[in-house]
Amino acid sequence: MSDTQRSGAGAASGSELISLDAAELARRIHAREVSSVDVTRAHLERIEAVDGPAESGVHAFLHLDAEGALAAAEAADRAIADGAPASPLAGVPVALKDNLTTTDMPTTAASRILEGWRPPYDATVVARLRAAGLVPLGKTNLDEFAMGSSTENSAFGPSRNPWDLTRIPGGSGGGSSSAVAAGESPLALGSDTGGSIRQPGAVTGTVGVKPTYGTVSRYGLIAFSSSLDQIGPCARSVLDAALLHEVIGGQDANDQTSVSAPLPPVVEAAQAGARGDLSGVRIGIVTEFSGEGYQPGVLGAFTDAVRTLGELGAEVVEVSCPSFTYALPAYYLIAPSEASSNLARFDAMRYGLRVGDDGEHAADEVMSLTREAGFGAEVKRRIMIGTHALSAGSYDALYGKAQKARTLIVRDFTAAFETCDVLISPTTPTTAFPIGERADDPLAMYLADLCTIPSNLAGNAALSVPCGLSADDGLPVGLQIMAPALADDRAYRVAAAYEVARGPGAGPRIPELRALETTR
Amino acid sequence: MTATIDAAPYTVEEVCERFDPVMGLEVHVELNTATKMFCGCANAFGAEPNTNICPVCLGLPGSLPRLNGTAVESAIKIGLALNCQVRERSGFARKNYFYPDMPKNFQISQYEDPIVFDGYLDVPLDDGTTWRVEIERAHMEEDTGKSLHIGGATGRIHGADHSLLDYNRAGVPLIEIVTKPIVGAGVRAPEVARAYVTALRDVLRGLGVSDVRMDQGSMRCDANVSLKPKDTEAFGTRTETKNVNSLRSVERAVRYEMGRHAGVLLSGGTVTQETRHFDEQSGTTSAGRPKETFADYRFFPEPDLPPLEPSRDWVETLRAGLPERPWERRARIQTDWGLSDEELRDLVNADALDLVADTVDAGAPPEAARSWWVSYLAQQANTAGVTLPELAITPAQVARVVALVADGTLTNKLARQVVDGVLAGEGEPDEVVTGRGLAVVSDESALTAAVDEALAAQPDIAEKIRAGKTKAAGAIVGAVMKATRGQADAARVQELVLERCR
Amino acid sequence: MSDITRDDVAHLARLARLAVSDAELDMFSGQIDAIVDTVSRVGEIPDDVPPTAQVVPQTNVLRPDTEEPCLRRDVALAEAPAAEEGRFRVPRILGEEL
């Protein structure tokens, strides 16, 4: 059991520390079997080993703050030594999606237009993590302004899937999912506008949760589509996600869309679920999310999961949500519309990039030149689509109808939840696709969010839990569990029960870095 | 063509022989809340540049608006004072356009569902009649920052080399009050416009929701004017005149635009729909930069703010707290105090009405209160070169002085000295009385002793009084008043003198 | 098809303050046309369905009118591309609105 890699790591080796769940890390840190500093150092070393180089490594991180992380870890250790840990997760490292503002690290949203920007304030979730004694390691990669499903739209190069470095880690939160999957961090925060936490979770074999809209403050989240955006946890176990969820959740006066209702008891639900009994739970399979376009291996893994849920005592039925077929078109109208407005502030006047200020160009021209140079193609595409959808001539036919679609989707959910406690589907139709495969085909890329979007439009809770590997390519598949608004605990309970039943055999939590080890 | 027409506009009378003027007035009012519309930064005029800014009003990435409850209450109060209905469910929308003084490049405003709508204001005109102006809506929005244009000619935007931006004003709460078309005013249209803005200013001042200073921009008026030929039904093309920064300018701008439109129309031209700027110096308007395209603001519901559904209880509580309308209050005061029209007008012109009313509210009889403010205090203000409201004395202090006179503690002469003391910063009236030793000597034994002393000092006069020449008592009274440094009640002294000589 | 032309895209780019190149216009016009064509499917939805703009289950969320600390000016200006005399310095502004 002695540590051959480095001294001071107590009884655990660095490679063991990076494979442990956050709950177990917290237990050991609080029992002073290992220090937060050692845990943090082990993760920093793991990052050092696998994250770079940007051209071929996992590339989960855009910015690393080793010094700040070690200082936070030392502070956590002192508090624990004093018998006053700030929270059950105090001392545990966490990675932050780079669209969350941080005072001590740059915040770029993976865009050139914000390169090097130092926010003067912390996002509420970041402030809550700090107050709870967690240890922020750095900022993770994403599709620029969270617009994408693969991280290929990052201005700073894609992240790579630890299961296969030639494949995408999902998006937009591919940095957070790949960091957690690769053992670079036990926990991470993401943001989910159309599936940006759940779809990366599915394709990297990690847990990703989109909480009920309004239960986690958006203050300090660089807005993509404000009525859809929701911050949530990424982790390797359902309980870990719940623990992180409780730290970041709850009403915030800085976000007037945050709800006053108490946060659902997600940790309790995860613990209850882990006892493995789902008798009395009625689960609905959304029939619209199967068939053409779904990879057979994904459907196979999903079918296995359905059987497992039945074995746990749940009653599994089929439900139809016919309006969900409008979800994708409605989303690709609403999100770009809101984005066209949210991203108008990036105009070179007050912060960020400025291009063309040569004394000749007027302010308006400098705005246009800066936005042209600072935004990537997908961002420009969506800004223009949104501008079109909101224009006087097309508002009623496009944005207006998308809002009506939203009503129909809410109604379908309401009806389905009248008969079912939770709804399930595959999280995404396919496993991780190769980097570059869909880069020039926006519509093909958009299909990755097919199953995740309805919950953003309706605002209800949804999560993705790993459900084994696809038989056709050996890559992870995600099971999506959707629960009514403010009933996130139901999804956690079902996910935790399923997780136990599935067993660790379904896939290594720290997958081997295949592509690194096989010399390509 | 435009230039010649500008030089020779028609008079309002000439215009109205052929046309009916139609006006629409849009008034922006900055609320005097402590903080901005959507953040906790101070809402203050004249601060050092960029000292009242935060992530929210600077539109920093990740920031979110937080609606100010007092601003919402002010908006509802304004609506109620303008006889508007309060919408059961209203909300905010984003008005999207790029401009450097607007940090988010959209303005949070209200679009299809303003918080209050469909009201009216009965506006008093100079001849004592009233004109009902119908209110279309009043809605909440946020103000923009201010830009300073450097280089080129004297801070003008054209020819400037670069601009400097101050975002202190960005996010200051605004209420925009929009009238329905004002038709049928004819030659009185310019007067109606001025009277409406004046009445609106008085109402808002009475509500205490805004400083309503047109000179500081806390009240701004845009005047829409069009002319309808007398034999037609459809309105003509309108122009929107901005930069109308005083009550007088409202009247002048409408008058000028009426004349200018008539000039264009009567010479066979067509009025261009455009924004025009009013020039205070010349009293004329000029065309702004023509807009390249029809402005499409791409309004959509603001996703960061939940809807407003003011409860009936909330609205009725606000309604119950509304003050009287200023002109209604004036009418009531005139009756209650028994003032002549002239006396009332003097009070209003001297800016003394509120002061007198507050003095009366503090317990003084109306006549005494009025007398103090329009005579002695008016003189002091005049001497000091300040307005009456600026005098360093409060209505409550004046009421206290009046009470001290009424209970005999002070004579009128002493009372003026007390007022002088208050104005000089010597404290409350009672403190001045003590400090200066001004109370009337009312100690009977002391007064009697003083009287006896004076009689002893002038035995010849005492003898005359005893002989029945009571007029001679005046000399003794004078001596006693001198001895008591004027603090005795002369009438009482007179009585004592006669008593002691009986 | 949705009939988004190259000129339409150029107009959208101007509205959105994007100085797109000719090559980008060629690329975007085809893509945006295809995307808008796909998402136009929402047009099938009957007009009498009410809209949903937000899924926040509350109303009248208000902040008390009390002052809170502002940003320090030097902190705010430190991130500005250019600053002068305590203000954000920007290129000359054309026109007074829009």
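First the proteins, then the strands, lettered A, B, ... as listed; each starts at 1.
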For chain A, which candidate among [options] shows the most heavy-atom pairs at distances under 4.5 Å?
{"options": "Tyr167(B), Phe299(B), Phe300(B)", "value": "Phe300(B)"}
{"options": "Cys39(B), Gly59(B), Gly40(B), Cys54(B)", "value": "Gly59(B)"}
{"options": "Pro100(B), Pro55(B), Pro103(B), Pro306(B)", "value": "Pro103(B)"}

Report task. Considering only NZ, NE, NH1 and NH2 on the basic side and carboxylate oxygens on the acidic side, decide whether Asp255(A) and Arg66(B) come within less than 4.0 Å. Result -> no
Interatomic spacing from [atom1] in [X] to [atom2] in [Y] - rounded to 0.5 Å:
{"X": "Lys104(B)", "Y": "Leu343(A)", "atom1": "NZ", "atom2": "CG", "result": "14.5 Å"}
{"X": "Leu60(B)", "Y": "Arg345(A)", "atom1": "CG", "atom2": "CZ", "result": "8.5 Å"}
{"X": "Asp347(A)", "Y": "Phe98(B)", "atom1": "CG", "atom2": "CZ", "result": "7.5 Å"}
{"X": "Ser63(B)", "Y": "Leu221(A)", "atom1": "OG", "atom2": "CG", "result": "11.5 Å"}
{"X": "Ser341(A)", "Y": "Asn105(B)", "atom1": "OG", "atom2": "CG", "result": "9.0 Å"}
{"X": "Asn254(A)", "Y": "Leu64(B)", "atom1": "CG", "atom2": "CG", "result": "8.0 Å"}

Query raised in the report: Just checking, is any N or O donor in the side chain of Tyr399(A) or Arg298(B) under 3.5 Å from an acceptor N or O on the other one?
Result: no
Requested in this report: Please name the pair of heavy atoms, one in Pro61(B) and one in Thr101(A), separated by the smallest distance, quoted to 0.1 Å.
Outcome: O-CG2, 3.7 Å
Report task. Work out which heavy atom in Arg94(B) is nearest to a heavy atom in Glu338(A); give both atom names and the distance. Result -> NH1-O, 4.2 Å
Query - Side chains of Tyr219(A) and Asp304(B) in contact at under 4.5 Å (non-hydrogen atoms) - result: no
Report summary line: Honestly, the part of Leu58(B) sitting under 4.5 Å from a heavy atom of chain A is both
Query raised in the report: With a cut-off of 6.0 Å (strictly less than), are more than 12 heavy atoms of other residues, nucleotides or ligands near CZ of Arg128(A)?
Result: yes
Requested in this report: Would you indicate whether Glu309(B), at its atom CD, is surrounded by more than 12 heavy atoms from other residues, nucleotides or ligands within a distance under 6.0 Å?
Outcome: yes
Query - Polar side-chain atom of Gln256(A) near backbone of Leu67(B) as donor-acceptor pair, under 3.5 Å - result: yes
Using non-hydrogen atoms only, which part of [X] is less than 4.5 Å away from chain B: side chain, backbone, both, or neither?
{"X": "Asn342(A)", "result": "both"}
{"X": "Ala109(A)", "result": "neither"}
{"X": "Ser225(A)", "result": "neither"}

I'd like to know which of [options] tops the heavy-atom pair count under 4.5 Å against chain B.
{"options": "Ser391(A), Ala123(A), Pro120(A), Gly386(A)", "result": "Ser391(A)"}
{"options": "Ser337(A), Gly220(A), Ser340(A)", "result": "Gly220(A)"}
{"options": "Met349(A), Met367(A), Gln403(A)", "result": "Met367(A)"}

